[in-house]
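Here the structure comes first, spelled out in structure tokens, and everything after it is commentary.
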Amino acid sequence: MTFYELVGGEDTFRRLVHRFYQGVAGDPLLRPMYPEEDLGPAEERFALFLMQYWGGPTTYSENRGHPRLRMRHAPFQVDAAAHDAWLKHMRVAVDELGLAPEHEAQLWRYLTYAAASMINTAG
């Protein structure tokens, strides 16, 4: 079984991403990084990316090509404060999933790595 299947599939990843974006919507540092008035499209893209990354459907790549995460985030100044804010909202979202400890740890390791790799500005 893939990690995607082990943690509950699409429903789990959609709940994770939805809860994360609830935090982002009210965050004065992160919200300006999402130029679309409605966060729905960003939420959909992120959910599809995570589902694909963890062994689910390949819809993300079929619609958007290679993820190229650093390139897609390059237009935004991602510094340590943005990193910390991102992880703060993601921590709440992960905690609310109630995953088995080993799955939670595996997911969190990836998310902290991914957040650190997006930093592109000192500060």
Side-chain angles (χ1 to χ4, degrees):
M1 288 185 85
T2 64
F3 184 86
Y4 171 82
E5 294 165 324
L6 289 170
V7 300
E10 181 174 349
D11 178 64
T12 297
F13 286 96
R14 290 204 179 272
R15 285 188 298 122
L16 172 70
V17 173
H18 183 71
R19 182 64 181 100
F20 169 74
Y21 276 105
Q22 286 179 327
V24 168
D27 190 293
L29 182 61
L30 296 180
R31 183 61 182 95
M33 293 186 191
Y34 296 87
E36 295 162 310
E37 186 175 323
D38 175 14
L39 288 172
E43 183 175 327
E44 179 67 7
R45 289 189 300 269
F46 191 29
L48 291 175
F49 168 77
L50 287 175
M51 287 188 273
Q52 177 175 304
Y53 180 86
W54 290 104
T58 58
T59 310
Y60 180 91
S61 288
E62 291 165 11
N63 292 336
R64 297 188 44 91
H66 189 280
R68 301 183 313 240
L69 294 179
R70 286 189 55 81
M71 183 205 75
R72 293 186 196 276
H73 290 82
F76 308 102
Q77 290 190 350
V78 181
D79 59 11
H83 164 274
D84 294 349
W86 193 92
L87 283 177
K88 176 183 79 172
H89 298 299
M90 190 53 77
R91 182 75 256 172
V92 169
V94 169
D95 288 348
E96 289 184 9
L97 290 176
L99 298 176
E102 64 273 16
H103 297 143
E104 181 274 326
Q106 185 177 356
L107 178 60
W108 190 246
R109 274 192 304 274
Y110 168 75
L111 293 168
T112 56
Y113 167 79
S117 69
M118 294 301 115
I119 294 175
N120 60 20
T121 303

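All values derive from a computational prediction rather than experimental measurement.
- The side chain to side chain contact (heavy atoms under 4.5 Å, CB included) search around His83 returns Leu87, Ala115, Ala116, Ile119, not counting sequence neighbours.
- Take Ala85 and apply the side chain to side chain contact (heavy atoms under 4.5 Å, CB included) test, not counting sequence neighbours, and it matches Asp27, Leu29, Leu30.
- Partners of Thr112 according to the side-chain hydrogen bond (donor to acceptor under 3.5 Å, both in side chains) rule, which considers only residues two or more places apart in sequence or in another chain, do not exist here.
- When all heavy atoms are compared, the tightest approach of Glu5 to Met1 is OE1-CA, 3.3 Å.
- Of all non-hydrogen atoms in Asp79 and Ala82, the two that sit nearest each other are OD1-N, 2.9 Å.
- Applying the salt bridge (charged side-chain N to carboxylate O under 4.0 Å, His left out) test to Glu44 and every residue at least two apart in sequence or in another chain returns Arg14.
- Here the rule is ring-ring contact (aromatic ring centres under 6.0 Å, His included) with Phe46, and of Phe13, Phe20, Tyr60 only Phe20 fits it.
- Note that the CG atom of Leu50 and the CZ atom of Phe3 stand 10.0 Å from one another [nearest 0.5 Å].
- Distance check, rounded to the nearest 0.5 Å: CG of Asp38 to CD of Glu43 gives 8.5 Å.
- Residues Thr59 and Met51 form no side-chain contact, since every pair of their non-hydrogen atoms from C-beta on lies 4.5 Å or further apart.
- The CG atom of Leu16 lies 10.0 Å from the CD atom of Glu96; values are rounded to the nearest 0.5 Å.
- Linking Ile, Leu, Val, Met, Phe, Trp and Tyr whenever their side-chain heavy atoms come within less than 4.5 Å leaves Val92 and Tyr21 in two separate clusters.
- Listed by chain and number, the residues in a side-chain hydrogen bond (donor to acceptor under 3.5 Å, both in side chains) with Asp11 are Arg15 (sequence neighbours excluded).
- How far CE of Met118 is from OH of Tyr113: 8.0 Å, rounded to the nearest 0.5 Å.
- Taking OH of Tyr4 as the reference point, atom OG1 of Thr12 lies at 9.0 Å (rounded to 0.5 Å).
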With a 3.5 Å cut-off and sequence neighbours excluded, list the donor-acceptor pairs that the side chains of residues 97-108 form with protein atoms.
| from | atom 1 | to | atom 2 | distance (Å) |
| --- | --- | --- | --- | --- |
| Glu104 | OE2 | Arg91 | NH1 | 3.2 |
| Glu104 | OE2 | Arg91 | NH2 | 2.6 |

